[in-house]
2 protein chains.
Amino acid sequence: MAVTLADVAARAGVSSATVSRVLSGNYPVADATRNRVLRAVDELEYVVNGPASALAAASSDLLGILVNDIADPFFGIIASAVQGELEGRAYGGPVPQKLAVVCNTGGSPERELTYLTLLQRQRAAAVVLTGGAVEDPEHSAALATRLRRLAAGGTRIVLCGRPPLEDAATAREARRGTSKRTASSAPVRSQGAAGAVLTVAFDNRGGAHALTTHLLTLGHRHIGYVAGPAERTTTRHRLEGHRAALEAHGGLDADRAERLTVHGGGYDRSSGYEGTRELLRRAPETTAVLAANDTVALGVCAALREMGLRVPQDVSVAGFDDLPFSADASPALTTVRLPLHEAGARAGQLALGTLPPPQDGMAAMGHELVVRASTAPPRAGG
Amino acid sequence: MAVTLADVAARAGVSSATVSRVLSGNYPVADATRNRVLRAVDELEYVVNGPASALAAASSDLLGILVNDIADPFFGIIASAVQGELEGRAYGGPVPQKLAVVCNTGGSPERELTYLTLLQRQRAAAVVLTGGAVEDPEHSAALATRLRRLAAGGTRIVLCGRPPLEDAATAREARRGTSKRTASSAPVRSQGAAGAVLTVAFDNRGGAHALTTHLLTLGHRHIGYVAGPAERTTTRHRLEGHRAALEAHGGLDADRAERLTVHGGGYDRSSGYEGTRELLRRAPETTAVLAANDTVALGVCAALREMGLRVPQDVSVAGFDDLPFSADASPALTTVRLPLHEAGARAGQLALGTLPPPQDGMAAMGHELVVRASTAPPRAGG
DNA sequence: CGCGGCGCAGTAAGCGCTTTCTACACTCAC
DNA sequence: GTGAGTGTAGAAAGCGCTTACTGCGCCGCG
């Protein structure tokens with residue numbers, strides 16, 4: 001039924017090997033022959049059989065991207081940037097040659113594992129994992145093992161916006177108060193060597209630090225934090241940055257910090273809404289709220305508005321990420337801009353191998369404090 | 001190197017055919033044998049070779065989604081919904097079994113064609129095309145032909161948020177003033193039959209009609225339209241709805257309507273910004289602006305604000321789509337809600353064949369006028 | 001004039017799976 | 001007791017491509 005290489009070969013009067021060589025372009029073919037083949041391809045409207053080609057060549061031109069939620073612009077922007085790198089790498093033209101498989105994991109480690117298997121089944125050339133990892137000893141260990149094995153097997157693995165594998169292991173131990181390492185738990189090296197798991201990291205600590213410092217400088221002393229889910233690395237890192245800033249600015253009252261921190265169930269608007277109600281119930285003296293991210297900040301603002309509090313006159317609000325809508329929100333959000341597009345592009349290049357991997361296997365991205373209308377000095381000076 | 005079916009078979013003491021049957025589950029296998037095979041699979045950590053399986057079975061478990069821009073929540077939401085349908089269809093569990101290949105076409109018909117070829121090469125089981133089509137006779141004819149051929153070849157094709165193939169042809173003729181059809185240009189039937197191109201359509205005309213009527217009812221008489229690119233069906237349909245409403249409400253001055261319509265280069269914020277400046281230059285009497293969509297509306301508001309005009313006191317603004325951020329914009333946008341998630345889910349079901357195709361091959365989705373703070377009566381009564 | 005080398009192109013052996021066809025017990029019904 | 005029927009599993013033929021390996025002219029050099 002379908003046109004095959006042999007059909008093209010017959011029409012061009014050559015062998016199928018020659019046709020294959022013309023199409024893959026990695027073997028010298030005389031110009032006259034090439035033209036004949038190309039014409040036959042055109043005339044027959046031949047389309048390569050990808051699976052057959054992948055089987056024979058033991059590699060496919062599929063690249064997987066794992067995201068928490070593709071409907072969230074945070075991930076949409078990263079995915080889009082990764083995709084952008086899949087183009088123009090063609091032998092002979094600025095045409096996309098690889099296909100991106102986008103997988104919604106909803107942030108669940110099980111789903112990540114499942115999709116990893118599916119991607120492995122497809123013999124994907126590379127996999128980019130985005131979004132903070134869940135700090136679940138069981139799953140993250142399983143995930144790390146799988147990733148390392150895949151990487152060792154030749155699949156390029158890039159973590160984008162999640163901590164390097166080692167860090168996760170280290171963190172886990174740190175949380176358990178076990179700083180010494182047994183031989184068996186010594187993390188496998190994930191350095192820049194071939195087959196390594198590469199990382200493109202955001203500076204969540206630094207960003208939260210900058211934001212908190214900004215609020216402190218404005219004069220705020222009662223800064224609430226409507227954080228993301230407690231088990232996510234991103235949440236932890238941002239909280240760490242926040243607390244480090246508090247500490248640097250005249251000591252940190254751990255109990256108070258604890259009371260002023262509310263963990264949401266997710267990174268969505270309603271988490272911000274619910275979280276804010278809880279926060280203000282616990283600590284009505286709050287004059288500023290740091291949100292887990294911009295989307296959450298929208299929910300924070302909505303809740304405050306509903307409670308009759310004005311932003312920023314009564315309460316300042318800050319987001320994180322600087323998504324496109326943040327500048328147009330009401331009021332425009334003070335936030336930290338993460339170079340999402342750049343990070344995605346970098347991850348894509350690393351995944352394709354068009355960018356040499358960094359020395360230590362990790363590329364750190366910067367951040368930028370963006371001050372807009374949602375933050376202002378507290379009303380009564382604190 | 002990699003574990004193959006034969007390895008599993010050897011370990012389980014059966015033939016590779018049996019292993020294949022156990023894994024595909026579409027052939028009776030004795031329980032004892034099945035368990036032995038399953039154990040071997042586990043022990044060897046066997047992962048099916050997708051390409052090999054696709055080659056032999058002449059079908060893959062890949063589904064393509066063509067979007068203009070995955071970073072745009074409009075498409076992100078649809079893509080996410082389509083993906084949601086790919087799960088839980090498994091023989092034996094609620095596990096994703098199909099993979100979604102998301103392709104950014106940037107709205108370019110050439111890129112659509114390119115990606116279609118890539119997807120065809122992968123032997124994708126289905127392809128969902130989203131976003132308005134470009135009304136370019138050359139490309140859209142080529143695209144229609146390709147789609148019909150693919151559909152006839154067994155690939156399920158679903159158009160989501162773009163007009164059915166026939167409509168495009170009809171529209172093209174209508175625009176050329178050719179209402180009679182020659183035999184050769186008679187559109188192939190795209191009805192509910194097997195191999196047909198299915199459609200999930202939004203009611204762009206109806207939505208724009210409702211929005212315009214809303215503004216007219218408020219008392220506006222100088223309603224500008226910052227539309228999308230002129231060559232897109234979505235733009236045309238929304239404009240048609242707009243003008244129909246004007247007409248229904250006391251006649252339409254064609255010249256004036258023309259003057260009050262500005263076409264942006266895209267559906268992004270800056271198109272709204274630029275378009276508004278142009279519009280107000282042409283027609284300073286404007287008291288209300290309809291935007292191509294919510295993102296454009298954000299740009300419209302920004303431009304107005306910059307010109308010292310308040311929304312909605314001086315100028316009312318309305319968007320389209322009701323994306324998540326619209327309710328939190330400044331001011332909250334009056335808009336038309338399109339059931340993006342539902343449409344995506346429907347498209348996904350149609351693509352998977354889990355939903356019987358509608359009679360005429362087309363499922364029409366509704367819309368809902370959402371009145372928020374960005375529209376109000378004009379200051380001086382019109 | 002002969003031969004190594006080179007540039008192209010053909011031959012054919014798989015890649016790992018699915019699936020048809022075949023084979024081998026068994027179980028029943030007569 | 002035999003033959004048909006049934007349930008289960010194996011053998012083997014591809015699926016359409018890639019890629020050694022082989023082969024054939026032809027050039028240039030000795």
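Note that this is a predicted model, so its numbers are computed, not measured.
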Under 4.0 Å, heavy atom to any atom of DNA chain C: which of residues 36-50 of chain B qualify?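 Here the set is Y46(B), N49(B).
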Closer than 4.0 angstrom, basic N to acidic O: yes or no for R39(A) and D42(A)? no
Would you mind telling me which of V82(A), V128(A), I157(A), L198(A) makes a side-chain contact (heavy atoms from CB on, under 4.5 Å) with L350(A)?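 Exactly one pass, corresponding to L198(A).
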Measure [atom1]/[X] against [atom2]/[N] and give the value in whole Å, please.
X: L55(A); N: dG14(D); atom1: CG; atom2: P; answer: 17 Å
X: L23(A); N: dA9(C); atom1: CG; atom2: C1'; answer: 15 Å
X: R123(A); N: dC15(C); atom1: CZ; atom2: C1'; answer: 11 Å
X: R34(A); N: dC8(C); atom1: CZ; atom2: P; answer: 10 Å

Is T155(B) reaching over with its side chain to a backbone N or O of A125(B), donor-acceptor style, under 3.5 angstrom?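 Checking the backbone N and O of A125(B) against the side chain of T155(B), no donor-acceptor pair under 3.5 Å is found.
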Using atom types as modelled and distance alone, determine if a side-chain donor or acceptor of S20(A) lies under 3.5 Å from a backbone N or O of S16(A). no
Min side-chain heavy-atom separation [X]-[Y] under 4.5 Å:
X: R123(B); Y: L55(B); value: no
X: L99(A); Y: Y115(B); value: yes
X: I65(B); Y: I70(B); value: no

Please tabulate, for the side chains in residues 6-13 of chain A, all donor-acceptor contacts under 3.5 angstrom to protein atoms that are two or more places apart in sequence or on a different chain.
from	atom 1	to	atom 2	distance (Å)
D7(A)	OD2	T4(A)	N	2.9
R11(A)	NE	E43(A)	OE1	2.7
R11(A)	NH2	E43(A)	OE1	3.1

Could you pull out the protein-nucleic contacts involving nucleotides 19-24 of chain C (nitrogen or oxygen on both sides, under 3.5 Å)?
from	atom 1	to	atom 2	distance (Å)
dT20(C)	O4	R21(B)	NH1	3.3

If every non-hydrogen atom of V47(B) is compared with every non-hydrogen atom of T117(A), which pair is closest and at what distance?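 Shortest heavy-atom separation between V47(B) and T117(A) comes out as CG1-O, 4.1 Å.
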Out of dC8(C), dG16(D), dC17(C), minimum distance to the side chain of A30(A) belongs to dC8(C)
Which of the following nucleotides, dT8(D), dG16(C), dG10(D), is nearest to the side chain of T33(B)?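 Between dT8(D), dG16(C), dG10(D), the one nearest the side chain of T33(B) would be dT8(D).
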Would one find a side-chain N or O of S15(B) under 4.0 angstrom from OP1 or OP2 of dA11(D)? no
DNA chain D nearest-nucleotide lookup for A6(A) and V29(B): closer to the 5′ end is V29(B)
When the nearest nucleotide of DNA chain D is assigned to L5(A) and to P28(B) on a heavy-atom basis, which residue is associated with the more 5' position? P28(B)
